[in-house]
> 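Dumping the structure here so I can ask a few things about it.
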Amino acid sequence: MSVVIPDEILTAAKMSEAELKLEIAILLYQKSKISTGTARRLAGMNLIEFQKELASRGICINYDVEDFQNDLETLKRLGDL
């Protein structure tokens, strides 16, 4: 599904497309609607950039058991654990 936002809305908000995507990503992330990975992809950022953006806004990183387990699996797959 694609959402089309008219240029007039971006102009009225004085935002670029990238800025709007970031705001949407952060809002959905804060509401626990999307994961960190999904949010950072929507925002067009790597994980560290997205985490820095959250920190600059005073937003806590959602990190639960599932995230921890995913990190462990990644480390195992990479041979770091």
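All residue numbers in this chain count up from 1 along the given sequence. Because only heavy atoms are used, hydrogens play no part in the values below, and waters and symmetry mates are left out as well, while side chains stay in.
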> Identify, with sequence neighbours excluded, every residue that meets salt bridge (charged side-chain N to carboxylate O under 4.0 Å, His left out) alongside Glu19.
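For Glu19 there are no salt bridge (charged side-chain N to carboxylate O under 4.0 Å, His left out) partners, ignoring immediate neighbours.
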> Taking it one step at a time, do Leu42 and Thr38 satisfy side chain to side chain contact (heavy atoms under 4.5 Å, CB included)?
CA-CA 6 Å; Leu42 175 58; Thr38 301; 5.6 Å; no
> Please report the interatomic distance OG1(Thr11) to CD(Glu8), rounded to the nearest 0.5 Å.
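One finds 7.0 Å between OG1 of Thr11 and CD of Glu8.
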> What's the shortest heavy-atom distance between Ser16 and Leu10, and which atoms?
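The answer is O-CD2, 3.9 Å.
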> Taking distance alone, no hydrogens or angles, what donor-acceptor pairs closer than 3.5 Å link side-chain atoms of residues 45-52 to residues at least two apart or in another chain?
from, atom 1, to, atom 2, distance (Å)
Asn46, OD1, Ile48, N, 3.0
Asn46, OD1, Glu49, N, 2.8
Glu49, OE1, Asn46, N, 2.9

> Can we say Arg77 and Glu73 salt-bridge, meaning some charged N sits less than 4.0 Å from an Asp/Glu carboxylate O?
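Between Glu73 and Arg77 there is no salt bridge, as every charged N stays at least 4.0 Å from the carboxylate O atoms.
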> Nearest 0.5 angstrom please: Asn70 CG to Leu75 CG, how far?
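Going from the CG atom of Asn70 to the CG atom of Leu75 covers 11.0 Å.
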> With a 4.5 Å cut-off on side-chain heavy atoms, are Leu27 and Glu23 touching?
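No, their side chains stay 4.5 Å or more apart.
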> Okay, side chain of Arg40, backbone of Thr36: is any donor-acceptor separation there less than 3.5 Å?
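Side chain of Arg40 to backbone of Thr36: no pair is present.
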> Give the cluster check for Val3 versus Leu20: same hydrophobic cluster or not, with ILVMFWY residues linked at side-chain heavy-atom distances below 4.5 Å.
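Hydrophobic grouping puts Val3 with Leu20.
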> Say you draw a straight line from CD1 of Ile59 to OH of Tyr29; how long is it, rounded to the nearest 0.5 Å?
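Between Ile59 CD1 and Tyr29 OH, I get 9.0 Å after rounding to 0.5 Å.
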> Please round to the nearest 0.5 Å and tell me the distance separating atom CD1 of Ile5 and atom CE of Met15.
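Spacing of CD1 (Ile5) from CE (Met15) equals 9.5 Å.
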